[in-house]
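Data first, discussion second: the structure below is written as structure tokens.
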Amino acid sequence: MDFILARSPVLETLCLQANTLQRVRVASRSLRCLMMMGFDQDVNVVNAPRLERLIMLYSCGSSMLVKIGRAPSLRAIGYLDLETHVLEIGDTIIKAGTRASPSTMVPSVKILGIIVCFGVRNEAKMLPSFLRCVPNVETLHIESRKTDELTGKLNLKFWQDAGAIECIQSHITLMIFRRFRATRGEINFLKFFLESARMLKKLIIVSPNAEEADNYEANFRLKPLFATKWASKCCSLVVLESDVSAGESNWNFERGCDFSLMDPFAIIIRSSRLDISGILRFVSALSPVATPTVLSFQQKTNAREAARGVTHAVSRVIGAHPGPFRCIHLTSSCMEDFQGMLANWLQVLAMKGIQELVLVNRPWPLDLGLPATFFGMATLTRLYLGLWKFPATADLPRGVSFPNLRELGLCSVVMDTQDMDFVLARSPVLETLCIKGNLFRMRIRLASRSLRCAQIIGSSYEEIAVVDTPCLERLIVSGTWRRDGASSGSVKIGNAPALRVFGYLDPAANVLVVGKTAIKSATKVSPSNMVPNVKILALEVRFGVRNDAKMIPNVLRCFPNIERLHIKSGKTDETTGKLNFKFWQESGPIKCIRSSIQMIVFHDFHGTRSEVNFLKFFFETTRVLKIVVILFDTGSFSSMDEVRSKVEVLRAAKRPTGCSVLVTPSTEPEECNIWSFKRGSDFSRFDPFTDY
């Protein structure tokens with residue numbers, strides 16, 4: 001093992017499962033992630049300047065040393081098992097009562113996972129010392145292990161006598177407590193934690209599966225948590241049921257090494273068997289004294305009687321809770337029979353400072369009116385509405401507004417153009433707007449000084465007009481829906497100086513208008529009809545339809561500085577002419593292809609002659625291209641040999657020195673992944689169209 005690490009100068013990921021090594025010595029200047037599964041070896045991190053993750057699961061030895069030497073980038077470590085792991089930092093073995101000092105700390109760690117049995121006193125005594133070694137932890141995962149032999153129940157005084165723990169007091173914002181059985185030891189630790197954690201924003205408590213857990217009514221033992229004083233004033237509580245343990249959720253090597261996941265130990269819920277009535281009784285019992293502010297209700301049955309019972313229970317919970325509410329989810333509610341009650345709910349939530357609201361009317365009717373009391377929610381920061389008719393805004397008082405609203409999602413909401421204008425005008429800090437499934441051909445006028453991301457997905461519209469949006473960075477239009485005989489909707493780009501990401505533009509469904517010019521295949525492109533700030537562009541093109549493909553050159557000329565181009569090849573049953581290589585040559589020079597595009601991703605490659613000719617033209621024209629990714633449609637080919645035969649001519653084509661070509665199956669579903677609102681508006685993703 002030492003030999004392999006020493007002779008692998010760019011190794012980033014090392015995964016070991018059920019190996020017979022005596023020890024693992026980590027000395028590597030390139031390693032970023034070490035995962036060990038089902039092991040009993042000592043682990044010694046000697047010198048790993050780039051190591052970010054140390055993941056250890058299913059240890060099977062009786063006593064194993066985990067030694068942390070030089071690892072300045074270590075950000076995530078777990079699960080440390082207090083029964084079997086001996087932790088050594090620097091030259092100090094951490095024991096119960098070990099005095100913390102800079103030499104016994106790993107300050108870079110932000111995510112920590114620990115397994116502990118709260119019924120075994122010697123294990124629990126180690127927990128404070130371990131936590132003091134990681135003073136800057138922000139996310140803490142604790143898995144409670146069951147034991148048949150208790151060696152002492154730890155009361156609240158035990159934890160209080162342990163003294164102050166810096167990471168609990170000053171840094172931890174999220175704690176996930178897995179396999180919670182409501183034992184006295186667990187409850188007392190949670191009480192201590194909540195009394196100390198000043199920065200805590202969310203506590204997630206996950207019960208084990210029904211076969212292992214006590215009766216769900218035992219979860220009423222959580223009630224003492226709400227009788228104590230929480231150090232954090234803005235913490236929410238989520239109670240879940242899962243049959244997934246910490247180890248099982250991370251058994252997948254790929255997950256642990258996926259650096260797009262901020263937290264490799266993030267909770268996975270495979271199943272949930274909690275009965276809705278039980279949840280409501282639980283929350284109702286806690287409400288008079290409760291501090292948590294997140295409530296979520298779902299009615300999964302269509303039975304009217306069941307809906308009536310749940311609806312009345314929700315009324316009791318909302319009425320009894322003192323507020324403020326940080327987050328409310330009301331979905332699958334059968335609200336057609338309870339509109340008066342809904343109006344009252346919204347009024348009460350407005351009075352109690354609701355911040356985030358998800359309100360979905362399921363099942364239909366689609367045109368069920370949303371009560372006007374909705375406009376009283378001035379404290380909203382995040383709002384998602386589904387399957388409603390939006391209330392008219394014409395006669396509302398001038399002072400009605402959403403001064404704190406930052407994120408708005410409208411899914412199959414019936415509303416008029418003037419109502420959309422009203423919402424945008426009265427939301428001065430709105431950053432994200434998501435519209436999905438609107439089939440009523442409205443005109444969407446984007447005029448907002450704060451908007452950063454607009455997504456219009458699977459909708460029918462007369463036009464999308466970017467009127468005045470100085471902060472808009474992303475305009476995502478995908479899956480445009482057209483009725484038979486309906487004309488294409490136009491996408492007009494006006495004042496959008498910060499627009500960096502735009503797509504998927506479909507020439508068959510969208511008429512692109514830049515400034516005052518509608519872009520056509522014969523349009524002469526000039527600075528007045530260019531969008532020079534766009535760096536990532538996505539187009540959907542049917543190469544078998546000549547009029548569609550003819551639009552590509554001029555559309556590309558409107559975006560002279562793009563660095564990354566996505567082309568999604570659309571299917572068609574009626575081809576209207578195969579475009580040869582000469583067609584593309586005669587289209588003339590295209591500045592972005594020659595001088596700025598460094599990466600092209602060709603989605604859903606079918607291997608047609610028209611697609612190949614376009615890519616050949618692209619290869620032979622570009623001067624700065626570095627990466628080509630061809631994601632082929634697996635349904636269009638019978639074998640990999642057929643794929644190779646189609647792309648062989650591309651590999652032989654002249655292209656810039658150093659340009660690499662990757663050919664791989666498409667992993668995208670039939671409908672593009674951009675349909676995920678969360679993905680499209682996640683600004684930590686440089687490119688929302690990329691998924692490979």
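Residues take their numbers from the sequence shown, with the count starting at 1. We use all heavy atoms of the structure for the numbers below, so side chains are in, but hydrogens, waters and symmetry mates are not.
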Residue pairs fulfilling ring pair (Phe, Tyr, Trp, His ring centres under 6.0 Å) with at least one residue in residues 511-537, sequence neighbours excluded = none

Is there a side-chain contact between V26 and L31, using heavy atoms and a 4.5 Å cut-off?
-> yes

Counting distance only, does the side-chain N/O of T381 pair as donor-acceptor with the main-chain N or O of N404 below 3.5 Å?
-> no

Evaluate the side-chain proximity of I593 to F618: yes if any heavy-atom separation is below 4.5 Å, no if none is.
-> yes

What closest approach, in Å, do L556 and C592 show between heavy atoms, and which atom pair accounts for it?
-> O-SG, 3.6 Å

Any V601 side-chain heavy atom under 4.5 Å of I567 side chain | no

Sequence neighbours left out, what passes salt bridge (charged side-chain N to carboxylate O under 4.0 Å, His left out) with D419? Give chain and number order.
-> none

Tightest non-hydrogen contact, residues S448 and P470, listed as O-CD, 3.5 Å

Stepwise side chain to side chain contact (heavy atoms under 4.5 Å, CB included) check, L472 with V466 | CA-CA 9 Å; L472 187 68; V466 180; 4.0 Å; yes

Selection residues 402-412 - residue pairs positive for salt bridge (charged side-chain N to carboxylate O under 4.0 Å, His left out), sequence neighbours left out | R382-E407, R406-E431

From CD1 (I435) to CE (M415), nearest 0.5 Å = 7.5 Å

Geometric cation-pi criterion, R53 with F265: 6.0 Å, 45° = no

How about F632 and F602: are their ring centroids closer than 6.0 Å?
-> no

Would you confirm whether N529, through its side chain, and T517, through its main-chain N or O, come within 3.5 Å as a donor-acceptor pair?
-> no

Can you pull the side chain to side chain donor-acceptor pair (under 3.5 Å) pairs that have at least one residue in residues 627-642, sequence neighbours excluded?
-> H606-D633, H606-S636, D633-S636, S638-E642, D641-R644

Sequence neighbours left out, what passes salt bridge (charged side-chain N to carboxylate O under 4.0 Å, His left out) with R445? Give chain and number order.
-> D421

May I have the step-by-step check of side chain to side chain contact (heavy atoms under 4.5 Å, CB included) for L383 and L405, ending in yes or no?
-> CA-CA 8 Å; L383 172 65; L405 188 64; 3.9 Å; yes

Between S526 and S528, is any side-chain donor less than 3.5 angstrom from a side-chain acceptor?
-> yes

Could you grab the distance from atom CG of N554 to atom CD1 of I590, nearest 0.5 Å is fine?
-> 8.5 Å

Please examine the side chains of K654 and F619, heavy atoms only from C-beta on, and report whether any two atoms are closer than 4.5 Å.
-> no

Just by modelled atom types, is the S645 backbone N or O under 3.5 Å from a matching donor or acceptor in the E648 side chain?
-> no

V477/L505 under side chain to side chain contact (heavy atoms under 4.5 Å, CB included): CA gap, chis, key distance, verdict | CA-CA 7 Å; V477 181; L505 185 69; over 6 Å; no

Cationic tip of R500 above F686 ring, under 6.0 Å, 45° of axis | yes

Does M262 CE have over 12 foreign heavy atoms under 6.0 Å away?
-> no

Check: H141 and T139 side chains under 4.5 Å, non-hydrogen atoms = yes

Under the salt bridge (charged side-chain N to carboxylate O under 4.0 Å, His left out) test, which residues partner R452, sequence neighbours left out?
-> E473

Mark yes or no for whether S459, through its side chain, and I457, through its backbone, hold a donor-acceptor pair below 3.5 Å.
-> yes

So, S450 side chain and L430 main chain: donor-acceptor pair closer than 3.5 Å or not?
-> yes

Close side-chain approach of F683 and C453, heavy atoms under 4.5 Å | yes

Tell me, please, which residues at least two apart from T622 pass side-chain hydrogen bond (donor to acceptor under 3.5 Å, both in side chains).
-> none

Determine the interplanar angle of the F605 and F637 rings, folded into 0 to 90°, and report it as parallel if under 30°, tilted if 30 to 60°, perpendicular if over 60°.
-> parallel

Flag, side chain of N561 to backbone of P532, donor-acceptor distance under 3.5 Å | yes

Could you tell me whether a side-chain N or O of S73 sits under 3.5 Å from a main-chain N or O of P49, the two making a donor and an acceptor?
-> yes

With a 4.0 Å cut-off, would you call R449 and D468 a salt bridge?
-> yes

Residues at least two apart in sequence or cross-chain that pass ring-ring contact (aromatic ring centres under 6.0 Å, His included) with F390, listed by chain then number, are F374, F375

N/O donor-acceptor pair under 3.5 Å between N533 side chain and A496 backbone | yes

Can you find a heavy atom in the side chain of Y461 that is under 4.5 Å from one in the side chain of V491?
-> yes

Working to the nearest 0.5 Å, report the span between CD of E52 and CD1 of I111.
-> 10.5 Å

Distance-only, no hydrogens or angles: does the N495 side chain make a donor-acceptor pair with backbone N or O of T469 under 3.5 Å?
-> no

Show me, pair by pair, the donor-acceptor contacts under 3.5 angstrom made by side chains of residues 656-663, not counting sequence neighbours?
none

How would you list all residue pairs meeting salt bridge (charged side-chain N to carboxylate O under 4.0 Å, His left out) that involve residues 583-597, not counting sequence neighbours?
-> K582-E586

Contacts of K492 meeting salt bridge (charged side-chain N to carboxylate O under 4.0 Å, His left out) (sequence neighbours excluded), chain-then-number -> E463

Spacing of N510 atom CG and E540 atom CD [to the nearest 0.5 Å] | 9.5 Å

Interatomic spacing from CZ in R474 to CZ in F689 - rounded to 0.5 Å | 8.0 Å

For D682, the side-chain hydrogen bond (donor to acceptor under 3.5 Å, both in side chains) test, sequence neighbours excluded, returns S684

Specify the closest pair of heavy atoms between M530 and P560, including all atoms of both residues, with the distance to one decimal.
-> SD-CG, 3.9 Å

For the ring pair F581 and F614, is the centre-to-centre distance below 6.0 Å?
-> no

When every non-hydrogen atom of R557 is compared with those of V525, the smallest separation belongs to O-CG1, 3.6 Å

Check: T13 side chain, C33 main-chain N or O, donor-acceptor pair, under 3.5 Å = no

What's the shortest heavy-atom distance between L51 and L34, and which atoms?
-> CD1-N, 3.9 Å

Kindly give the heavy-atom pair with the smallest separation between L387 and V413, and that separation in Å.
-> N-CG2, 4.4 Å

Nearest 0.5 Å please: distance from the CE atom of M442 over to the CD atom of Q418.
-> 8.5 Å

Are F617 and V612 close enough, and set up right, to give a side chain to side chain contact (heavy atoms under 4.5 Å, CB included), and what steps lead you there?
-> CA-CA 9 Å; F617 163 74; V612 171; over 6 Å; no

Side chain proximity check, L565 to I536, heavy atoms < 4.5 angstrom | no

